[in-house]
Amino acid sequence: MADPDREMLSCREGFRTIWLAQNGDVRIIDQRKLPHDYVIANLETWQDGCLAISDMLVRGAPLIGATAAYSLYLAARSGGRAEFDRASAALAESRPTAVNLRWAIDRVSRRASACSDAELTASTLSEAGAICDEDVDISLAIGRHGLELIRSIAAAKAGEPVNVLTHCNAGALATLNYGTATAPVYLAHDENIPVHVWVDETRPRNQGSQLTAYELAHNGVPHTLIVDNAGGHLMQHGMVDLVITGTDRTTRSGDVANKIGTYLKALAARDNAVPFYVALPSTTIDWTIDDGVRDIPIEERDPAEVTDVYGVSGEDRRTVRTIGSRTPALNFAFDVTPARLVTGLITERGIAPASREGLAALFPERADGTQANA
Ligand code: MRU
């Protein structure tokens with residue numbers, strides 16, 4: 001296997017977005033620097049992990065959860081149970097919307113309470129590793145179910161590419177590998193099914209143009225960057241066969257919170273009879289809530305993300321302000337798409353209707369909400 005410290009690997013080469021260094025520290029890709037620079041960041045302490053989540057060196061719901069899990073191991077390593085408890089309280093506050101964060105903290109905490117003090121570091125490390133390994137399997141399972149959708153559209157298109165529109169980055173970089181929304185695309189591409197991705201730029205942080213486009217290019221998948229406002233026009237002209245996005249939190253009734261602007265894509269898809277699917281690991285389902293608009297906390301981030309843009313100019317990397325200094329900006333990071341606009345939820349166990357009954361049929365052991373974060 002190639003050295004993960006040196007290059008972004010293709011999905012097929014066992015790429016991971018977070019890994020253990022030989023000295024026991026944790027390594028991540030500093031995603032703020034992509035696509036211009038591939039920079040590895042070292043996490044030595046749980047505080048490093050917490051900052052990596054809140055400053056978005058790592059982002060995407062599954063990777064946020066995995067980073068929290070590894071941060072708890074770093075806390076156990078440096079200061080035993082007392083530090084572990086301090087870390088879990090702080091990590092839980094590091095970003096509000098992705099429920100995988102709380103899920104991962106709960107899971108590692110359960111493992112921690114079942115082991116002795118002497119075992120704490122090894123047990124938390126092994127649980128973090130298990131979360132990561134399972135995430136890869138989950139993404140592949142999502143990919144296989146979503147692939148069926150792409151296959152059936154391809155069958156009707158007689159060799160013409162299947163055009164998939166996606167928003168934000170629910171790709172390999174948001175998970176451990178393969179992604180959620182991108183997993184069906186990668187598997188279709190591997191099978192030589194002609195597939196092409198419309199990549200929404202995804203202002204303000206440009207996860208589409210800077211991350212999704214980067215990883216699709218790296219994996220040789222045909223794609224085209226569009227501005228966030230273009231999707232409706234493309235749908236009106238028959239240029240989108242299918243929308244697939246990710247989600248940061250899905251209610252048990254099938255409402256989905258995802259990157260700001262997802263809701264508008266769902267509205268345009270409905271108006272144009274374009275199927276709108278959301279791909280998700282079950283770790284993203286919040287079994288305790290029904291009404292996403294009312295109950296999902298929506299992160300509000302620094303307005304500077306709206307007013308300023310990061311990029312390159314010659315050899316320089318720069319952040320530049322794009323608007324006048326007297327104009328205020330508001331920056332909600334996510335919005336909620338109601339279940340009624342979602343054609344289906346692509347999970348690791350199959351494709352469910354976006355409804356309480358649909359999710360309960362696939363995950364009967366979780367549906368009563370009592371095992372909320374098992
Ligand atoms: O703010 P981000 O970059 O963490 O937002 C990420 C998204 O909205 C993704 O679409 C979502 O987490 C799904 S990742 C598989």
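Keep in mind that the numbers below use all heavy atoms, side chains included, and drop hydrogens, waters and symmetry copies. All values reported here derive from a predicted model rather than from experimental measurement. Note that ligands are numbered from 1 as they come in the structure, with each ligand's atoms numbered from 1 the same way.
- Among all non-hydrogen protein atoms, the one lying nearest atom 14 (S) of ligand 1 is Ala174 CB, 3.5 Å.
- Counting only heavy atoms of the protein, atom 8 (O) of ligand 1 lies nearest to Asp248 OD1, 2.9 Å.
- Classified by interplanar angle (parallel below 30°, tilted 30° to 60°, perpendicular above 60°), the ring pair His237/His233 is tilted.
- Near Met56, with a cut-off below 4.0 Å to any heavy atom, the atoms of ligand 1 are 1 (O), 2 (P), 3 (O).
- Within the 4.0 Å heavy-atom criterion, the part of Arg95 lying near ligand 1 is the side chain and not the backbone.
- The closest protein non-hydrogen atom to atom 10 (O) of ligand 1 is Asn258 OD1, 2.7 Å.
- When side chains are defined from C-beta on, Leu341 counts as touching Pro338, because their heavy atoms get closer than 4.5 Å.
- A heavy-atom separation below 4.0 Å is not found between Arg205 and ligand 1.
- Heavy atoms from other residues, nucleotides or ligands lying under 6.0 Å from CD of Glu299 number more than 12.
- The cluster map of Ile, Leu, Val, Met, Phe, Trp and Tyr, joined by side-chain heavy atoms under 4.5 Å apart, puts Met239 and Val274 in the same cluster.
- Side-chain atoms of Leu345 and Thr247, non-hydrogen and from C-beta on, never get closer than 4.5 Å to each other.
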Query raised in the report: For Asp200 and Lys265, what are the C-alpha separation, side-chain angles and deciding distance, and is it a side-chain contact (heavy atoms from CB on, under 4.5 Å)?
Result: CA-CA 10 Å; Asp200 280 354; Lys265 296 296 169 287; 2.9 Å; yes
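- Of all protein heavy atoms, the one lying nearest to atom 5 (O) of ligand 1 is Lys259 CE, 3.3 Å.
- Taking distance alone, with nitrogen or oxygen atoms compared against 3.5 Å, Ala170 stays at or beyond that limit from ligand 1.
- Between Trp198 and His196, the angle of the ring planes goes over 60°, which puts this pair in the perpendicular group of the 30/60° scheme.
- Taking 4.5 Å as the limit, every side-chain heavy atom of Leu280 sits out of range of all side-chain heavy atoms of Thr180.
- For ligand 1, the atoms lying closer than 4.0 Å to a non-hydrogen atom of Phe334 are 1 (O), 5 (O), 8 (O).
- Ligand 1 is approached by Asn169 to a heavy-atom distance shorter than 4.0 Å.
- Contacts of Thr247 with ligand 1, taken as heavy-atom pairs under 4.0 Å, involve the backbone alone.
- A heavy-atom separation below 4.0 Å is not found between Glu299 and ligand 1.
- For Gly60, a nitrogen or oxygen atom sits less than 3.5 Å from a nitrogen or oxygen atom of ligand 1, counting backbone and side chain alike.
- Heavy-atom contacts of Arg59 reach the following atoms of ligand 1: 2 (P), 3 (O), 4 (O), 6 (C) (cutoff under 4.0 Å).
- Side-chain contact between Met235 and Val243 is present, with at least one heavy-atom pair separated by less than 4.5 Å.
- For ligand 1, the polar-atom distance check finds no N/O of Thr180 at less than 3.5 Å from any of the ligand's N/O atoms.
- Taking 4.5 Å as the limit, every side-chain heavy atom of Tyr263 sits out of range of all side-chain heavy atoms of Asn258.
- In summary, the atoms of ligand 1 found under 4.0 Å from a heavy atom of Ala61, numbered by their order in the structure, are 12 (O), 14 (S).
- Ligand 1 has Pro62 within reach: a non-hydrogen atom of the residue lies less than 4.0 Å from it.
- Considering CG of Asn219 and NE2 of His189, their distance stands at 7.5 Å, rounded to 0.5 Å.
- Contacts with ligand 1 closer than 4.0 Å are made by side-chain heavy atoms of Gln207 only, the backbone lying farther away.
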